[in-house]
Participant: 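Provided herewith is a single structure, encoded as structure tokens, for subsequent inquiry.
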Amino acid sequence: MLSEIERRELEDAVKHYPDKRGATIDALLTIQRRRGWISDDTLLEIAQFLEITVEDVDSVATFYNLVFRKPVGRHVAFVCDSISCWIKGCEQVQEQIKTLYQADLGQTSPDGRFTVLPIACLGHCERAPALMIDQDVYGDVTPEKIEQIVEKYK
Amino acid sequence: MERPLTQHIHPDGTTRTLREYVTTGGYRSVQRLSSELAPKDLQRLVTDAGLRGRGGGGFLTGTKWSFVPMGVDAPKPKYIVANGDEMEPGTFKDRVLMEGDPHGLVEGMILAGYAIDAEVGYIFLRGEYHLSAQRLTEAIAEAYAAGYLGKPLPGTKFRFDLHLHASAGRYICGEETALINALEGKRAVPRAKPPFPQTVGLWGKPTVVQNVETLYNIPHIVNQGSDWYHRLSRTQDGGTKIYGISGRVANPGWWELPLGTTVREVLERYAGGMADGVRFRGLLPGGISTAFMTEEHLDLPLDFSSIPPEVGRLGTATMIVLDDHTCPVGFVLNLEKFFARESCGWCTPCREGLPWVARILMSFEDGRATKEDLSLLEMHTKWLAPGHTFCGLAPGAMAPLQSALKYFHDDFERHITTGGCPWSKKSSQHRIVV
Ligand code: FES
């Protein structure tokens with residue numbers, strides 16, 4: 001069931017649109033911030049709140065890559081794999097993350113600390129390769145710097 | 001050299017508050033809205049200024065506005081939408097503006113709203129731009145508190161409400177009709193045109209979708225006039241442009257320069273030329289849906305009218321440089337994998353054709369390619385050309401491929417004759433993990 005706070009947040013989100021459905025993406029992201037991911041049960045709760053079908057909500061949830069329909073780790077590391085970062089060695093960054101945390105792209109480290117995902121250009125191409133952990137973006141990432149960067153994400 | 005869009009942006013990356021924004025002339029244009037500057041006058045002013053869309057299309061802003069139904073019988077509400085879904089690889093100009101000077105976007109939105117008599121605006125922001133989201137949220141709250149939003153503006157009956165929509169990924173959201181579906185809370189699949197959004201858009205109402213950088217220009221045009229705006233530029237279209245560069249250059253970054261600055265100037269003078277030890281081979285002038293340019297094109301002015309169609313187009317004017325230590329086939333493979341992943345899946349040629357192209361390119365890298373694969377790639381550039389697909393994504397994907405086949409043909413051939421990627425030993429970066 002939606003908590004009191006969740007319900008209030010959704011009510012705020014809905015205010016920005018002429019119909020409730022407009023807030024589908026906001027609703028998914030809002031609840032995901034609290035619960036980590038979108039389970040089938042969550043989907044149903046959102047659908048009931050927005051007064052649309054669960055299929056409608058799922059069609060949106062499965063389309064957008066920042067909505068997670070599977071559990072993720074405590075943190076999500078997004079490795080940019082677009083062109084400017086590829087030129088500057090994003091694959092070595094991926095490799096290093098895999099070596100350090102035993103998580104390849106699409107996987108969660110065995111200790112549940114990180115889920116590693118590829119991401120489209122993060123808009124920091126002048127500082128490629130770029131990496132985003134949760135909401136923080138890092139530029140000029142080298143394999144040597146990874147450990148130091150991720151240290152604060154426990 | 002004047003830099004109206006970025007001159008006040010703090011070099012240390014901090015943002016500008018309302019207080020600071022107002023002391024440098026911020027929101028002055030909004031105070032000029034009155035009977036002396038009616039919506040149709042603003043439309044004419046922007047048309048005279050020659051402002052063209054900075055998102056890559058280069059469409060004249062004044063013309064775009066002119067398609068919107070006006071007057072008492074026009075459908076209500078009308079919407080103005082800022083396209084801040086900056087997901088074009090290699091592009092980071094809108095982020096610079098939104099993070100550095102968020103009030104400029106609010107002011108631009110108010111003016112664009114006024115020009116088409118739209119009472120409601122949305123800023124459609126890509127989900128990964130958390131810092132922009134935070135700063136825009138603060139700026140919008142400040143603008144409400146100061147009465148620029150949510151109340152009739154002094155001397156007018158015009159009242160404007162502005163909302164921020166943070167998206168959740170997917171490149172296709174940058175396509176204006178897909179963006180409209182996303183804003184309505186649906187899958188971001190493009191819509192059939194016509195009807196065009198200017199008459200039937202968001203929730204069926206007249207809607208104008210404009211790039212963020214375009215909107216930042218409008219307050220300056222209102223304050224300083226169309227003649228001044230033309231003088232900023234070196235070509236027939238008005239204004240400055242934010243140029244950017246990434247790849248192995250000495251000094252990757254962005255600069256606001258007169259529209260019509262040449263590729264060479266940006267590359268050599270501002271970016272300091274190539275990085276140590278690498279040579280220039282080519283570049284994409286503005287995001288990955290533009291065609292390669294090579295040595296012979298370096299003196300072309302980067303604007304909307306000087307690049308011959310057979311060479312390509314400006315796009316977002318944030319360049320990506322290919323150097324001689326990077327495999328051109330691997331480069332293009334990276335692009336096509338991106339497009340294949342980001343296809344919305346709605347139309348068959350795009351959904352099936354792009355992964356096919358990526359697989360063929362992979363066979364070049366793996367040493368499995370034959371001569372036929374080369375002609376198969378050539379054929380795809382025709383099968384996925386404009387007119388064969390529902391929207392512009394796949395045709396855009398063919399621009400770098402087609403031009404790479406032209407300029408780097410020998411490199412493709414070498415992959416066939418040597419049975420793999422000749423760069424594989426020189427650089428470990430050619431490897432593609434699928
Ligand atoms: S290509 Fe990686 S941040 Fe733009």
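Throughout, protein chains are lettered first and strands after them, A, B, ... in sequence-line order, and every chain is numbered starting at 1.
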Participant: When rounded to the nearest 0.5 angstrom, what distance separates CG in B:L333 from CH2 in A:W86?
Facilitator: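 So the gap between those two atoms works out to 7.5 Å.
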Participant: Where the side chain of B:N334 meets the backbone of A:I87, is there a donor-acceptor pair that is under 3.5 Å apart?
Facilitator: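 Answer holds: no.
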Participant: Working note: B:R341 + A:N65, criterion side-chain contact (heavy atoms from CB on, under 4.5 Å); need CA distance, chi angles, decisive distance, verdict.
Facilitator: CA-CA 11 Å; B:R341 185 168 80 193; A:N65 58 291; over 6 Å; no
Participant: Spell out the residues in residues 133-149 of chain A that have some non-hydrogen atom less than 4.5 Å away from a non-hydrogen atom of chain B, in order of number; otherwise answer 'none'.
Facilitator: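 A:D134, A:Q135, listed by number.
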Participant: Report the distance from atom OG of B:S246 to atom CZ of A:R127, rounding to the nearest 0.5 Å.
Facilitator: 13.5 Å
Participant: For the SG atom of B:C173 and the OH atom of A:Y64, what is their distance to the nearest 0.5 Å?
Facilitator: 4.5 Å
Participant: Need one label for B:E184: side chain, backbone, both or neither, based on atoms under 4.5 Å from any heavy atom in chain A.
Facilitator: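 Contact with chain A is through the backbone of B:E184 alone.
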Participant: Using heavy-atom distances under 4.5 Å, tell me whether B:D161 contacts chain A through its side chain, its backbone, both, or neither.
Facilitator: neither
Participant: Fit a plane to each ring of B:Y129 and A:H124, take the angle between them on a 0 to 90° scale, and name the class: parallel (under 30°), tilted (30 to 60°) or perpendicular (over 60°).
Facilitator: perpendicular
Participant: If you define the side chain from C-beta out and look only at heavy atoms, does anything of A:D81 sit under 4.5 Å from B:F338?
Facilitator: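 No; the side chains remain at least 4.5 Å from each other.
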Participant: Using a cut-off of 6.0 Å, state whether more than 12 heavy atoms not belonging to B:W203 lie near its atom CH2.
Facilitator: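 Counting neighbours around CH2 of B:W203, more than 12 heavy atoms of other residues, nucleotides or ligands fall under 6.0 Å, so yes.
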Participant: Is any side-chain heavy atom of B:W254 less than 4.5 Å from a side-chain heavy atom of A:C125?
Facilitator: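 Result no, sub-4.5 Å side-chain heavy-atom pair not found.
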Participant: Considering only heavy atoms, which portion of B:A271 lies under 4.5 Å from any heavy atom of chain A: side chain, backbone, both, or neither?
Facilitator: neither
Participant: Restricting to salt bridge (charged side-chain N to carboxylate O under 4.0 Å, His left out), what partner residues turn up for B:R135, sequence neighbours left out?
Facilitator: none
Participant: Which bit of A:A120 is near chain B, if near means a heavy-atom gap under 4.5 Å: side chain, backbone, both or neither?
Facilitator: both
Participant: Please classify the contact of A:I83 with chain B as side chain, backbone, both or neither, using a heavy-atom distance under 4.5 Å.
Facilitator: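 For A:I83, the contact with chain B is made by backbone and side chain together.
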Participant: Could you tell me which portion of A:I52 (side chain, backbone, both or neither) has an atom closer than 4.5 angstrom to a non-hydrogen atom of chain B?
Facilitator: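 Answer is neither: A:I52 stays 4.5 Å or more from chain B.
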Participant: Between B:R187 and A:D56, is there a side-chain N and carboxylate O pair less than 4.0 Å apart?
Facilitator: no
Participant: Search all heavy atoms of B:I320 against all heavy atoms of A:S84 and return the closest pair with its distance.
Facilitator: CG2-OG, 4.0 Å
Participant: With sequence neighbours left out, write down each residue that passes salt bridge (charged side-chain N to carboxylate O under 4.0 Å, His left out) with A:E126, or none if nothing qualifies.
Facilitator: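 Only B:R95 meet the salt bridge (charged side-chain N to carboxylate O under 4.0 Å, His left out) criterion with A:E126.
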Participant: Provide the closest heavy-atom pair for A:I25 versus B:A182 in the form atom of the first, atom of the second, distance.
Facilitator: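 Scanning both residues, the minimum pair turns out to be CD1-O, 3.4 Å.
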Participant: Sort B:V321 into side chain, backbone, both or neither according to what part of it lies under 4.5 angstrom from a heavy atom of chain A.
Facilitator: backbone
Participant: Sort B:Y171 into side chain, backbone, both or neither according to what part of it lies under 4.5 angstrom from a heavy atom of chain A.
Facilitator: neither
Participant: Where does B:I172 contact chain A at under 4.5 Å (heavy atoms): side chain, backbone, both or neither?
Facilitator: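 Interface part for B:I172: side chain.
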Participant: Going from SG on A:C121 to CZ on B:R126, what distance comes out if it is rounded to the nearest 0.5 angstrom?
Facilitator: 6.0 Å
Participant: Is it the case that the side chains of B:H163 and A:Y17 hold a donor-acceptor pair, with the cut-off being a distance below 3.5 Å and no angle test?
Facilitator: no
Participant: Which of the residues A:D19, A:L28, A:V67 is involved in the greatest number of heavy-atom pairs with chain B at under 4.5 angstrom?
Facilitator: A:D19
Participant: Which residues pass the salt bridge (charged side-chain N to carboxylate O under 4.0 Å, His left out) test with A:E45, sequence neighbours left out?
Facilitator: A:R35
Participant: If I measure from the heavy atoms of chain B, does A:D26 come under 4.5 Å with its side chain, its backbone, both, or neither?
Facilitator: side chain
Participant: Rounded to the nearest 0.5 Å, how far does CD of B:E88 lie from OG of A:S82?
Facilitator: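 Result: 9.5 Å between the selected atoms.
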Participant: Could you walk me through whether B:H165 and A:H16 pass the side-chain contact (heavy atoms from CB on, under 4.5 Å) check?
Facilitator: CA-CA 9 Å; B:H165 172 92; A:H16 294 283; over 6 Å; no
